[in-house]
Structures are given as C-alpha cells and as structure tokens.
K.L.:
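Please find one structure pasted underneath; my questions will follow.
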Amino acid sequence: MKRVHVAVGIIFDTDNKILLAKRPQHLHQGGKWEFPGGKVEQGETTSEALIRELREEVALEVASTSPLMAISYDYPDKQVYLDIHTVKSFSGQAKGIEGQLIQWATIEDLKDYDFPAANQPIVEKLLSL
C-alpha cells in the first residue's frame, strides 16, 4: 500500500482560532472534521502544496507556512504521512469552495470535534500549547 503524503494546515486567525473543515461523506473518513490541506503532488514542497490546496479548498491566499510536526498513520485501508504546518499569514475570507462546512474553533474547543484517528496527535499537541 502506498503512503499518501498530505500537507495539513493549522490555520490561525487573529483571535488565535483554528480553521476546521468537515470531510464530505463520500471521502475516506467522511463526516469527520479535519485541518484543511491535501495531497502533495510530484515535485511540490509541502509548503507549496499547502498554499495551493488552501487556495483551492478554502479560498485563502497563504503567504507562508512553518513546519509543526509530522505523523505517519496506518488505517486498515490507507496509509498517510501527515506533514503539518502552521499558517498565520494569509489573506481572504475562508469559505468551503467544494461545498464542505468550515468552522473557526478555539484550541480548547478542539476536543469537542470528531477528528480522524490520524489527527488525534495534532489535537493533543495544540491543546498542550
């Protein structure tokens, strides 16, 4: 099974809230909340992929990203390598371009959302900040 390289954005607004998106039901882990991002394509850096994905998915123009952590996780049907970056410098109003629900949440509120199992270490790290 091929491991999918995913660029994940922890996007902080000026109030220190974090942008979440709800995965469409038909996708892997559908119906769960996630930190926006997407697959890193051939020849892209994680930062380039994240900037592209955030433009395509949530209409944000990202100036820069900073590495936070990385996680390898094996689901029964899929293997993922999550390359997680923080985003604090962006312009635009976030919106779910692909029809997905989006929500700004405080760090404390993250524990109340249903995330895919691979995202739990991210939530734990953010709660510890």
K.L.:
With a 4.5 Å heavy-atom cut-off, do K2 and V4 have their side chains touching?
P.N.:
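Not touching, per the 4.5 Å side-chain cut-off.
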
K.L.:
Please report the interatomic distance CG(L82) to OG1(T46), rounded to the nearest 0.5 Å.
P.N.:
11.0 Å

K.L.:
Taking the side chain as every heavy atom from C-beta outward, state whether W33 and N119 have any atom pair closer than 4.5 Å.
P.N.:
no

K.L.:
Count the heavy atoms belonging to other residues, nucleotides or ligands that lie under 6.0 Å from NZ of K111, then report whether that count exceeds 12.
P.N.:
yes

K.L.:
Using atom types as modelled and distance alone, determine if a side-chain donor or acceptor of R3 lies under 3.5 Å from a backbone N or O of V80.
P.N.:
yes

K.L.:
Any non-hydrogen side-chain atom of V58 less than 4.5 Å from a side-chain atom of Q100?
P.N.:
yes

K.L.:
Is there side-chain contact between P121 and Y73, with at least one heavy-atom pair below 4.5 Å?
P.N.:
no

K.L.:
Can you tell if the side chain of L50 reaches within under 4.5 Å of the side chain of V87, non-hydrogen atoms only?
P.N.:
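The answer is yes, as the side chains (C-beta and beyond) meet within the 4.5 Å cut-off.
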
K.L.:
Could you tell me whether the side chain of I11 reaches within less than 4.5 Å of the side chain of F90, counting heavy atoms only?
P.N.:
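F90 vs I11: side chains touch.
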
K.L.:
For K32, does the NZ atom sit with more than 12 other heavy atoms under 6.0 Å from it, leaving out its own atoms?
P.N.:
yes

K.L.:
Give the minimum heavy-atom separation between R23 and Q29, together with the two atoms involved.
P.N.:
CD-O, 3.6 Å

K.L.:
Hey, are the side chains of D13 and L19 touching, using non-hydrogen atoms and a 4.5 Å cut-off?
P.N.:
no

K.L.:
Less than 4.5 Å apart, side chain to side chain, heavy atoms only: is that true for V123 and F115?
P.N.:
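Yes, side chains in contact.
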
K.L.:
Between E41 and R52, what is the shortest heavy-atom contact and its length?
P.N.:
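Looking at all heavy atoms of both residues, the shortest contact is CG-NH2, 3.4 Å.
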
K.L.:
Distance alone, cut at 3.5 Å: any donor-acceptor contact between the side chains of T65 and S47?
P.N.:
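Checked: T65/S47 side chains pair up, N/O donor to acceptor below 3.5 Å.
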
